Amino acid sequence: MRKVALITGITGQDGAYLAEYLIKKGYTVHGIKRRSSMFNTERIDHLYQDPHIENRSLILHYGDLTDSLNLTRIIGETQPDEIYNLAAMSHVKVSFDTPEYTANADALGVLRILEAVRLLNLAHKTRIYQASTSELYGLVQEVPQKETTPFYPRSPYAVAKLYGYWITVNYREAYGMHASNGILFNHESPLRGETFVTRKVTRAVSRIALGMQNKVYMGNLSAKRDWGHAKDYVRAMYAILQQDEPSDYVIATGITTTIRDFIRMSFDEIGVGIEFQGEGVQETARLTGIDEKRFTHKVGNEYIETFRKRIGEEVVGVDPNYFRPSEVDLLIGDATKARTRLGWEPKYSLNALIEDMMYNDLKLMKKDFYLKKEGYTILNYFE
Ligand code: NAP
Ligand code: GDD
């Protein structure tokens with residue numbers, strides 16, 4: 001018998017990698033996707049199977065974390081061995097603009113899933129993974145952060161996730177459910193949403209290298225994050241649900257880096273040097289030089305002539321609109337428990353993560369570059 005997994009948030013970064021990982025392990029994967037006015041399954045299109053095929057390994061259902069009836073029906077119909085609750089309004093800055101919706105999806109959504117499993121008498125069959133977050137540590141009370149570090153959330157997103165964390169613990173203790181939290185530190189990839197800081201940077205650096213963009217405006221350059229690769233992190237989610245006993249685990253690399261250094265490293269990946277000057281909203285970065293051999297190898301010979309003329313120009317600025325009303329300044333995790341109990345280790349270094357993201361964004365932006373050159377823009381429709 002194939003094991004059955006249900007993934008909420010399957011169309012997101014982690015959902016896509018996890019679906020692929022579980023399908024390779026022989027699971028039948030059910031996924032919940034939201035109705036949208038355009039296709040929203042780009043990240044999992046390579047896994048899609050025609051509904052007329054028998055014994056499909058990927059089956060998608062329309063649904064939403066704010067709809068209890070829908071969640072209960074899907075869980076009842078699919079009878080999953082494992083539920084991975086990855087769906088969330090996951091953008092910290094946006095949660096300040098949509099706090100009520102964020103609480104509904106990210107806090108009550110977790111309760112809806114746990115309660116559906118209980119009411120359907122699946123409490124002893126279905127194991128549950130809750131996507132908790134290092135944002136729970138917020139104004140950090142200890143460095144590095146581990147499972148016993150007190151929480152101090154700093155955004156509507158983190159406060160909603162705090163409820164999700166504790167209701168998962170509560171259902172485990174009250175009803176003996178195999179329900180666990182993965183307290184995951186930031187993890188990125190070529191599939192990362194374009195408005196998270198790493199992807200915003202690798203996209204912008206690619207576009208600047210190709211001559212498609214002059215400058216990128218950022219928020220707080222001094223914040224520090226513990227960044228890993230999403231491919232490594234979905235292995236941890238799976239491992240957590242394979243343990244005999246449910247528990248909560250920090251998943252992190254143990255290395256923290258400023259946004260400023262992430263930008264520097266992304267330019268360096270393609271052989272471009274930059275220098276930061278000034279402070280606060282006045283801070284900028286200029287192009288200082290190119291390693292032509294590396295640039296040619298990574299970006300392409302045809303772009304170097306134009307780029308050479310830009311040395312000395314400003315390519316990074318600060319726009320206070322990207323600041324958060326309350327910020328999380330420093331995250332760095334201690335994943336000793338995951339290492340010792342799960343045998344989990346990250347395979348990707350930060351350099352390898354940046355290389356992967358830059359390679360993919362350069363490829364994507366080049367496609368965009370040639371389409372634009374050939375005049376394929378939506379505006380042409382009205383001209
Ligand atoms: P993501 O790329 O933003 O994906 C979020 C997913 O949730 C998408 O599939 C999205 O659907 C779906 N979704 C949003 N609201 C929903 C709703 N009301 N009902 C049903 N589905 C909904 O996030 P991610 O980076 O993969 O993260 C996965 C989970 O881990 C999230 O819960 C996030 O908060 C948590 N987390 C992430 C990190 C990280 O660094 N990536 C770290 C710690 C914890 P659409 O595609 O339709 O938008
Ligand atoms: N998004 C963004 N855009 N962030 C910026 C920018 C910018 O232009 N400039 C600086 N930053 C800073 C933010 O202020 C924050 O300190 C840091 O970069 C990281 O921002 P994000 O990449 O948006 O991620 P996050 O840390 O707020 O949240 C992500 O990680 C959490 C785990 O710690 C999300 O994936 C959450 O869903 C996840 O829980």
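Remember, predicted model here, so these are calculated numbers, not experimental data. Heads up: numbering here begins at 1 and tracks the sequence. Hydrogens, waters and symmetry mates play no part in the numbers below; they use all other heavy atoms, side chains included.
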(request) Identify whether L6 and V29 are in the same connected component of the hydrophobic contact network (ILVMFWY, side-chain heavy atoms under 4.5 Å). (result) no
(request) Check whether any side-chain N or O of D81 sits under 3.5 Å from a backbone N or O of V4 as a donor-acceptor pair, and report yes or no. (result) yes
(message) For F323, is the CZ atom crowded, meaning more than 12 foreign heavy atoms sit under 6.0 Å from it?
(response) yes
(request) Any chance you could measure I7, atom CD1, to H30, atom NE2, to the nearest 0.5 Å? (result) 10.5 Å
(message) A side-chain contact here means heavy atoms from C-beta on lying under 4.5 Å apart; do M357 and E269 qualify?
(response) no
(request) Would you please indicate if the ring centroids of Y152 and Y137 are separated by under 6.0 Å? (result) no
(request) Would you kindly confirm whether I259 and L330 end up in one hydrophobic cluster when ILVMFWY residues are joined by side chain heavy atoms under 4.5 Å apart? (result) no
(request) Look only at the side chain of T288 and the backbone of G273, and say whether a donor-acceptor pair between them is shorter than 3.5 Å. (result) yes
(message) Test of understanding: clusters of I, L, V, M, F, W, Y form through side-chain heavy atoms closer than 4.5 Å, transitively. Do V197 and L350 belong to the same one?
(response) yes
(message) Using every non-hydrogen atom in the two residues, find where D64 and T66 come nearest and quote the distance to one decimal.
(response) OD1-OG1, 2.8 Å
(request) Go through the side-chain N and O atoms of N351 and S349 and say whether any donor and acceptor fall under 3.5 Å apart. (result) no
(message) If I compare all heavy atoms of L65 with all of A105, which pair ends up nearest, and what's the gap?
(response) CD1-O, 3.4 Å
(message) Hydrophobic clustering (ILVMFWY, side-chain heavy atoms < 4.5 Å, transitive) - are V328 and L221 grouped together?
(response) no
(message) With a sphere of 6.0 Å drawn around CD of E302, does it hold more than 12 non-hydrogen atoms of other residues, nucleotides or ligands?
(response) yes
(message) Test of understanding: clusters of I, L, V, M, F, W, Y form through side-chain heavy atoms closer than 4.5 Å, transitively. Do V234 and L353 belong to the same one?
(response) no
(request) Report yes if some heavy atom in the side chain of I304 is under 4.5 Å from a heavy atom in the side chain of E292; otherwise report no. (result) yes
(request) Could you list the residues that satisfy side-chain hydrogen bond (donor to acceptor under 3.5 Å, both in side chains) with E188, not counting sequence neighbours? (result) R192, T198
(request) Locate the shortest heavy-atom distance separating A204 from Q213; write the atom from each residue and the value. (result) CB-NE2, 3.8 Å
(message) Surrounding CG of N55 (heavy atoms of other residues, nucleotides or ligands, distance under 6.0 Å), is the total greater than 12?
(response) no
(message) Assess the residue pair D361 and R199 against the criterion (salt bridge (Lys or Arg N to Asp or Glu O under 4.0 Å)); give the C-alpha distance rounded to whole Å, side-chain angles, the decisive distance to 0.1 Å, and a yes or no.
(response) CA-CA 9 Å; D361 274 331; R199 188 79 199 286; 2.7 Å; yes
(request) Could you tell me whether the side chain of N181 and the main chain of D248 form a donor-acceptor pair under 3.5 Å? (result) no
(request) Report yes if the side chains of V205 and V272 come closer than 4.5 Å at any heavy-atom pair, otherwise no. (result) no
(message) Can you confirm if the aromatic rings of Y303 and F307 lie within a centre distance of less than 6.0 Å?
(response) no
(message) Checking ring pair (Phe, Tyr, Trp, His ring centres under 6.0 Å) between Y238 and each of Y233, Y84, Y21, W344, which is the one that passes?
(response) Y21
(request) Check whether more than 12 heavy atoms from other residues, nucleotides or ligands sit under 6.0 Å from atom CG of D244, and answer yes or no. (result) no
(message) Pair S134, Q145 - check side-chain contact (heavy atoms from CB on, under 4.5 Å), show working.
(response) CA-CA 8 Å; S134 51; Q145 296 86 51; 5.9 Å; no
(message) Within a 6.0 Å radius of atom CD on E279, are there more than 12 heavy atoms belonging to other residues, nucleotides or ligands?
(response) no
(request) Go through the side-chain N and O atoms of K337 and S247 and say whether any donor and acceptor fall under 3.5 Å apart. (result) yes
(message) Quick check: closest heavy atoms across R2 and S57, and the distance to 0.1 Å?
(response) NH2-CB, 3.0 Å
(message) Under the rule for side-chain contact (heavy atoms from CB on, under 4.5 Å), what residues qualify as partners of E327, not counting sequence neighbours?
(response) N220, A223, R225, R324, D329
(request) Determine yes or no for a side-chain-to-main-chain donor-acceptor pair under 3.5 angstrom, with D226 supplying the side chain and T256 the backbone. (result) no
(message) Just verifying a value: how many Å separate L122 CG and Q79 CD, rounded to the nearest 0.5 Å?
(response) 5.0 Å
(request) Kindly compute the distance separating OH (Y129) from OH (Y249), expressed to the nearest 0.5 Å. (result) 11.5 Å
(message) For the backbone of P80 and the side chain of T126, can you confirm whether one donor and one acceptor N or O come within less than 3.5 Å of each other?
(response) yes
(request) Please lay out, stage by stage, how Q277 and R286 fare under the test side-chain contact (heavy atoms from CB on, under 4.5 Å). (result) CA-CA 8 Å; Q277 298 163 326; R286 284 177 193 285; 3.3 Å; yes
(message) Using 0.5 Å steps for rounding, measure from the CD1 atom of I290 to the OG1 atom of T296.
(response) 8.0 Å
(message) If we ignore hydrogens and angles and just use 3.5 Å, is the side chain of R127 paired with the main-chain N or O of L241 as donor and acceptor?
(response) yes
(request) Can you establish whether the number of heavy atoms outside E100 located under 6.0 Å from its atom CD is more than 12? (result) no
(message) Could you check whether any side-chain N or O of Q13 sits under 3.5 Å from a backbone N or O of H187, counting only pairs where one atom can act as donor and the other as acceptor?
(response) yes
(request) Verify, without hydrogens or angle tests, whether K366 (side chain) and V299 (backbone) share a donor-acceptor contact under 3.5 angstrom. (result) yes
(request) State, yes or no, whether a side-chain contact exists between I183 and Y165 at a heavy-atom distance under 4.5 Å. (result) yes
(request) Please assess D14 against M237 for the test side-chain contact (heavy atoms from CB on, under 4.5 Å), listing each intermediate value before the final yes or no. (result) CA-CA 10 Å; D14 292 3; M237 296 176 188; 3.4 Å; yes
(message) Would you say CD of E42 has more than 12 non-hydrogen atoms from neighbouring residues, nucleotides or ligands within 6.0 angstrom?
(response) no
(request) Taking the side chain as every heavy atom from C-beta outward, state whether E313 and K215 have any pair of such atoms under 4.5 Å apart. (result) no
(request) Show the numbers, then the answer: is there a salt bridge (Lys or Arg N to Asp or Glu O under 4.0 Å) between R203 and D368? (result) CA-CA 12 Å; R203 271 171 60 91; D368 207 25; over 6 Å; no
(request) Using modelled atom types only, decide if a donor and an acceptor are shared between the side chain of N70 and the backbone of Y62 within a distance under 3.5 Å. (result) yes
(request) Give the C-alpha distance, both sets of side-chain angles, the deciding distance and a yes or no for side-chain contact (heavy atoms from CB on, under 4.5 Å) between W227 and T257. (result) CA-CA 8 Å; W227 282 298; T257 309; 3.8 Å; yes
(message) Can you classify the ring geometry of F151 versus W166 as parallel (below 30°), tilted (30 to 60°) or perpendicular (above 60°)?
(response) perpendicular
(message) Strictly below 4.0 Å, N to O, side chains only: are E355 and K298 in salt-bridge contact?
(response) yes
(request) Side-chain contact test, heavy atoms from C-beta onward, threshold under 4.5 Å: evaluate it for R260 versus S222 and give yes or no. (result) yes
(request) Find out whether M218 and K200 are in side-chain contact, i.e. whether some heavy atom of one side chain is under 4.5 Å from a heavy atom of the other. (result) yes
(request) Could you check F96, Y101, Y157, F196 and say which one makes a ring pair (Phe, Tyr, Trp, His ring centres under 6.0 Å) with H91? (result) F196
(request) Kindly compute the distance separating OH (Y17) from CG (L22), expressed to the nearest 0.5 Å. (result) 15.0 Å
(request) Report the distance from atom CG of N186 to atom NZ of K224, rounding to the nearest 0.5 Å. (result) 14.5 Å
(message) To check you understand the geometry: which heavy-atom pair defines the closest contact between G9 and A87, and what is its length?
(response) N-CB, 3.5 Å
(message) Quick one, N85 and T168 - any side-chain contact, counting heavy atoms below 4.5 Å?
(response) no
(message) Looking at S326 and R154, would you say the former's side chain and the latter's main chain have a donor-acceptor pair under 3.5 Å?
(response) yes
